[in-house]
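Shown next, in C-alpha cells, is the structure this report addresses.
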Amino acid sequence: MTKVTLIEGDGIGPEISAAVVKIFEAAKVPIEWEYAVAGLTAIEQGGRGVPPETLDSIKRNGLALKGPTTTPVGGGHKSVNVAIRTSLELYANVRLARTMPAVETRFKNVDILVVRENVEDTYSGIEHFQTPNVAQGLKLITRQGSLAVIRYAFEQTRKLGRNKVTCVHKANIHKLTDGLFLEVFRQVAAEYTDIETSDIIVDNCCMQLVTRPEQFDVLVLPNLYGDIVSDLCAGIVGGLGVAPGGNIGRTCAVFEAVHGSAPDIAGKGLANPTALLLSGIQMLQFMGWIGYAQAIQDALSSTLAADMKTRDLGGVLSTNDFTNEIIARLKPAISIVSDSTVADRVTHPVPETISEEWVLNGVDVFIEWSGELTNVPELPDVPEKIGPLTLAMMSNRGTKVWPGEMPDIMLVDHFRVRYLSDKLITRLDVINVLVELDSLDFKWGHIEILNSVNKQPRYSNAKSD
Ligand code: NAI
C-alpha cells in the first residue's frame, strides 16, 4: 500500500472526498489514506490554517489529494492553497481542460494542458501602501522560477506525447518581467527541437481560446495569467465542476479540484465529485499507475455518456447516487505501471542562475508629494543634481511627466524621480540622494537601484518604462 495524504477540506470537501475514497476502494487502488486537516477545519481544532503536521504528512508521503478549503475574503486566515504551494515550493500548477462525454459545451475536441507558474509573480504578496492613496504590489519573475516551470511544461509535453507548447505573456507591456519569462521560454524551447513552439500575448490568447480553442495543446504561463486562463479553459470544457488540477514540486505534489468549497450547496448531497475524482486520476497518472487511472476514467466517462449526472451538469443525481453509478461501471484495472516511479519524479534540480556584470548607475526614488496636482499641476521641485547623479526623469502612475511636455493625466500624490549617472557610483551616493531629498522635506517611500548590465544601460530617461 502506498500512503497518500488526504485533506478533505470544508464546505462540500468532505462529501466529494468521501466519494473519491469510495471509488478508489472499489477500484482496489492500493492507496492508504493518511487524513490531515487544513483551513477552517484546522482552525476550528485550535491550529493554524496549515498545521505543521499537515505539511509534514505531505512531505513524508510525497503526495496529497486535497478537497477545497474556504478562504475568508478581506481578512481572516491566509489562503490555505497559497500557503501550501509556497511552503512546499509547488512551482508548477497543471490543469487539464478536455471535453468530456455528455458534458454540454460550445466546443468539441478541446484538450489543453495548462501549466502555470505557481509561486511567483504578483502572488508573492509583496504589497505596500506608498501614500494614503497609492497601493503597490510587486510582480516578481525570476529566471530560476521561470526555468523550473517551463522545463516542466516541455517535459510533460514529451512524456504525454503532446506536440506543441505555447508561452502566454504580456511582454509587450511588462518588458522586463514577462520579457524574462519569454526569454527563458525561448532558451528552453531551443533544447526541445522535437516540440513545436509559439508565443502569444495573453489578451489575444483569451480571444483565441473562446473562438478556436482546438488550436492549443500545452500552454505555459506566469502565475496571474495562468490563474485566469486556466479558469477560462475550465469554462470552455464545461465549468469548474469538471476541472482537475495538480501542484507539482521538486519533492512532492498536491492534487486538487479547481473549484472552491461551494458553501451554497454544502451538506445537501448535491456536490459533483467529478473534478476531485479527475484530480485523483491525474495523481494516479503522475504516480505511473496508468491502469488504475484508465479504469476509473473509463467508468466516469461511461457514467456521463449514459447521461448519469449531478445537478450542476443538468442531471438529477445526488453525490452518492452518481458515485454508485461510477462504481457500478468499474472494470478491473489492467495492471499497467509506467516507468515513472516515485523516485523518478524528483527530476528537477534547482535551476541555475546566470551572472552578468552589473554596475550601479542610478536610482529611482518614489516620493509622496501632494503639491498642486489638479488646476495647473506642479511637479515636485527636486534638485536637478545630487553628487554625481543627475535628475533624468519623473513619472506619475508610470507615465513620464518630466522632461518634455506635461501630459494631460490625473496626477496622484506619488512620484517616481529617477537619478542617473554616467560615472561609476556607489550605494553611498544613493544614500546621499535620500539624505538630500529628506532635508528638503520630500517624503521618500521606497527606492529601486538601477544597474547597467554588461556595460549596456538597462534604464534611461528616454521613455517612461
Ligand atoms: P466555488 O467554486 O466554491 O463555487 C462557485 C459556484 O460553483 C457555486 O455556485 C457552487 O455551488 C458551484 N460549484 C463549485 N463546485 C461544485 C461542485 N463540485 N459541484 C457542484 N457545484 C459546484 O467558488 P466560490 O463560491 O467563489 O468560493 C467559495 C470558497 O471556496 C471561497 O472561500 C474560496 O476562497 C474557496 N476556494 C477554494 C479553492 C480551493 O480550495 N482549491 C479554490 C477556489 C475557491
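Computed over heavy atoms, backbone and side chain alike; hydrogens, waters and symmetry mates excluded. Atoms within a ligand are numbered from 1 in the order they appear, just like the ligands themselves. The chain is numbered in sequence order, starting from 1.
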Just to check, does Ile16 reach to within less than 4.0 Å of ligand 1 when the distance is taken from its heavy atoms?
no
Determine, using heavy atoms of Arg311 and all atoms of ligand 1, whether some pair is separated by less than 4.0 Å.
no
May I ask you to decide whether Glu191 forms a salt bridge with Arg151, counting only side-chain N to carboxylate O separations under 4.0 Å?
yes
Glu8/Lys66 ion pair, N-O < 4.0 Å:
no
Is the cationic atom of Arg116 (NZ for Lys, CZ for Arg) positioned less than 6.0 Å from the six-membered ring centroid of Tyr123 and within 45 degrees of its normal?
yes
Regarding ligand 1, does [X] bring an N or O atom to under 3.5 Å of one of the ligand's N or O atoms?
| X | value |
| --- | --- |
| Ala262 | yes |
| Gly260 | yes |
| Thr70 | no |

Numbered atoms of ligand 1 (with element) below 4.0 Å of [X], judged on heavy atoms:
| X | value |
| --- | --- |
| Val258 | 42 (C), 43 (C) |
| Pro263 | 28 (C) |
| Ile265 | 11 (O), 20 (C), 21 (N) |
| Lys66 | 40 (O) |

Counting only heavy atoms closer than 4.0 Å, does ligand 1 sit against the backbone of Ile12, its side chain, both, or neither?
side chain
Note: Thr310, heavy atoms under 4.0 Å from ligand 1, region reported as neither
Thr274 and Asn272: side chain donor to acceptor below 3.5 Å:
yes
Please check if any side-chain donor atom of His414 sits under 3.5 Å from a side-chain acceptor atom of Asn133, or the reverse.
no
His446 and Phe366 aromatic ring geometry - parallel, tilted or perpendicular at 30°/60° bounds
parallel
Would you please classify the geometry between the Phe24 ring and the Trp33 ring as parallel, tilted or perpendicular, with 30° and 60° separating the classes?
tilted
Gap between atom CD of Glu117 and atom CD1 of Ile150 - 0.5 Å precision:
9.5 Å
Note: heavy atom closest to atom 34 (O) of ligand 1, options Leu270, Leu313, Thr71, belongs to Thr71
Option with minimal heavy-atom separation from atom 15 (N) of ligand 1, where the choices are His259, Glu256, Lys268:
His259
Assert yes or no for the condition that the ring centre distance of Phe181 to Tyr225 is strictly below 6.0 Å.
no
